[in-house]
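Numbers here are sequence positions counted from 1.
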Amino acid sequence: MEAPARDTIRIHDAPLRDFCQKLLEGVGVPPAYAFLVADSLVASNLRGIDSHGIELLPGYIMQLRNGGVKGAAAGRILSETGGAVLYDGEHGLGQVVSDACCRHAVRVARQQGVAIVVARNSHHFGAAAYWSQKIAAGGCLGISISTAGPGVPPWQGKSPRIGTNPLALALPGAAGGKWLLDMATTTVAKGKVANATSWGWDKVPVEWACVDERGVPTTDRAAAERGWSLPLGGYKGTGLGMMIELLCAGLSGGPMATDVPICRDGSQPLRVSHTFIAINRAAFIGAEDFDRRTAHLVDVMKSSELRPGFDEVLVAGEPEWRTERERRAQGIPVSHSIWQRLTKLGTEVNISAPPADGAR
């Protein structure tokens, strides 16, 4: 979601990542863990997924300071049976827990063909695509899903019951640059509404399908922020969100649906659950055959005749890759309000902010 030009500065990814890492180190996060969190957030900004980028950092730091997250915790394996691993995040940073789970998923999939690693007692893990791509970098198809705090009403309801419950699938090898799915099970991620607030928008797009606290559709940004995001495709999105609850919290034994804590002051753990699936394509038809079949499928989709008003068929991942190329070259747009919050945090821990490229 690009901001209006008057409301942004531009900062290149390397100095921004370094600054975010130092902010986390300033509140006691070990350097390797701080880099991992910073890298995951900046990677989301690079891809244009600003809802899961550095805007999350002030909230993370509040939770670290107030005890809801343990910055030095990495978690541990509770059990491992064949291709099934159960992991306890021990209330560590979601990125730290997820990194460990992805490494175990790749390890087990290389031995077993398929691995399913389920984690409980974790924290927000950023964008799901980052973790699916981690698994793909290990040579496996990577699937990442997660619960979240209840902020989504079921279809035809108005009371929030489950989270936006994201999912992502990334492909390894030559297929990895062909297709990448990353989505919430709602029409729009709740974080995009928060971004709209940072950008100073008065309205949100009607296609975001937001409702106010009464369950009435709205495009008013403030009402949307107080209200909820609707499930994608109505009852189908509700079913998909419930499926993720079952595959994450159901299998992990962690809190499910409205039992997931909501703590505004960051003093209590979020206790979300994640599931990571690694599929070793070499255990099926082989890596090269799978990559060729992926390329063929993408070509088939792109060979479609175009609808009026469109000049190409886009497949999952392409808009984000294009945004990443542009932002690597020109810098990441950051709203003034977010930059002021981050630089204030830097002052509190004696960290200097990098120079911005000026207003755009």
What pair of heavy atoms forms the shortest contact from [X] to [Y], and how long is it?
X: A168; Y: D182; result: CB-OD1, 3.9 Å
X: H52; Y: G126; result: CD2-O, 3.3 Å
X: F276; Y: S98; result: CZ-OG, 3.4 Å
X: L86; Y: R120; result: CD2-NH1, 4.2 Å
X: A38; Y: Q21; result: CB-N, 3.6 Å
X: T218; Y: V204; result: O-CG2, 4.3 Å

Candidates V85, D88, V118 - the one meeting side-chain contact (heavy atoms from CB on, under 4.5 Å) with L78 |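 Of all the options given, the one that passes is D88.
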
Which of these, V27, V96, L270, L64, sits in a side-chain contact (heavy atoms from CB on, under 4.5 Å) with V69?
->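 Of all the options given, the one that passes is L64.
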
Same cluster for [X] and [Y] if Ile/Leu/Val/Met/Phe/Trp/Tyr side chains link at under 4.5 Å?
X: M256; Y: I262; answer: no
X: L171; Y: V106; answer: no
X: L342; Y: V37; answer: yes

Can you label the angle between the F125 ring and the H274 ring as parallel, tilted or perpendicular, going by 30° and 60°?
->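 Rings of F125 and H274: parallel, as their planes differ by under 30°.
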
With distance as the sole criterion, is a donor-acceptor pair present between the side chains of H296 and R293 under 3.5 Å?
->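 Note: H296 and R293 side chains miss the donor-acceptor criterion.
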
Are a donor atom and an acceptor atom from the side chains of Q95 and Y60 found within less than 3.5 Å of each other?
->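 Yes - a donor-acceptor pair under 3.5 Å links their side chains.
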
Distance (rounded to the nearest 0.5 Å) between [X] [atom1] and [Y] [atom2]:
X: L240; Y: T186; atom1: CG; atom2: OG1; value: 10.5 Å
X: K22; Y: L345; atom1: NZ; atom2: CG; value: 15.5 Å
X: T294; Y: D299; atom1: OG1; atom2: CG; value: 11.0 Å
X: T275; Y: L167; atom1: OG1; atom2: CG; value: 12.0 Å
X: Q330; Y: I332; atom1: CD; atom2: CD1; value: 12.0 Å
X: E55; Y: S44; atom1: CD; atom2: OG; value: 12.0 Å

Report the C-alpha separation of T323 and L46 in whole Å, then their side-chain angles, then the decisive distance to 0.1 Å, and conclude whether the side chain to side chain contact (heavy atoms under 4.5 Å, CB included) test is met.
-> CA-CA 7 Å; T323 298; L46 279 171; over 6 Å; no

Is [X] salt-bridged to [Y], cutoff N-O under 4.0 Å?
X: R47; Y: E324; answer: no
X: E326; Y: R322; answer: no
X: D291; Y: R281; answer: yes
X: E90; Y: K70; answer: no

Non-neighbouring partners of W179 that pass ring pair (Phe, Tyr, Trp, His ring centres under 6.0 Å), sequence neighbours left out =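 Partners of W179 under the ring pair (Phe, Tyr, Trp, His ring centres under 6.0 Å) test: none.
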
List in chain and number order the residues that pass side chain to side chain donor-acceptor pair (under 3.5 Å) with Q268, two or more places apart in sequence or in another chain; answer none if no residue qualifies.
->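 Counting only residues at least two positions away or on another chain, Q268 forms no side chain to side chain donor-acceptor pair (under 3.5 Å).
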
With D289 via side chain to side chain donor-acceptor pair (under 3.5 Å) - residues at least two apart =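 R292.
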
Counting C-beta onward and ignoring hydrogens, is there a side-chain heavy-atom pair between [X] and [Y] closer than 4.5 Å?
X: L246; Y: M243; value: no
X: D18; Y: P354; value: no
X: R328; Y: D13; value: yes
X: V108; Y: V117; value: no
X: L57; Y: L24; value: yes
X: R161; Y: E245; value: no
X: K203; Y: R221; value: no
X: V29; Y: E25; value: no

Would you check if the side chain of [X] reaches a backbone N or O of [Y] as a donor-acceptor pair within less than 3.5 Å?
X: R327; Y: N45; value: yes
X: N66; Y: D265; value: yes
X: D212; Y: R214; value: yes
X: S335; Y: I338; value: yes
X: T185; Y: N165; value: yes
X: N280; Y: G113; value: no
X: T147; Y: S273; value: yes
X: T347; Y: T343; value: yes
X: K134; Y: C102; value: no

Go through the steps for D39 and Y130 under the test side-chain hydrogen bond (donor to acceptor under 3.5 Å, both in side chains), then give the verdict.
-> CA-CA 9 Å; D39 188 59; Y130 187 84; 2.5 Å; yes

Throw together a table of side-chain donor-acceptor distances under 3.5 angstrom for residues 135-144, partners on residues two or more places apart or in other chains.
residue : atom : partner : partner atom : Å
S144    : OG   : S132    : N            : 3.2
S144    : OG   : S132    : OG           : 3.1

Trace of the side chain to side chain contact (heavy atoms under 4.5 Å, CB included) decision for Y33 with D99 | CA-CA 10 Å; Y33 294 176; D99 186 63; over 6 Å; no

Donor-acceptor pairs are to be reported for all side-chain atoms of residues 231-238 against protein atoms at under 3.5 Å, with residues two or more places apart or in another chain.
residue : atom : partner : partner atom : Å
T238    : OG1  : W155    : N            : 2.9

Would V260 and R271 satisfy side chain to side chain contact (heavy atoms under 4.5 Å, CB included), going step by step from the backbone distance to the final call?
-> CA-CA 7 Å; V260 177; R271 299 187 65 200; 5.8 Å; no

Please report the C-alpha distance between E318 and K178 in whole Å, then the side-chain angles of each, then the deciding distance to 0.1 Å, and finally whether the salt bridge (Lys or Arg N to Asp or Glu O under 4.0 Å) criterion is met.
-> CA-CA 8 Å; E318 283 190 303; K178 297 288 185 182; over 6 Å; no

So E320 and R325, salt bridge (Lys or Arg N to Asp or Glu O under 4.0 Å) or not? Walk me through it.
-> CA-CA 9 Å; E320 293 85 358; R325 285 194 293 270; over 6 Å; no

What residues join M62 in its hydrophobic cluster, counting side-chain heavy atom gaps under 4.5 Å, either direct or through other members?
->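 For M62, no cluster forms, as it stays isolated from other hydrophobic side chains.
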
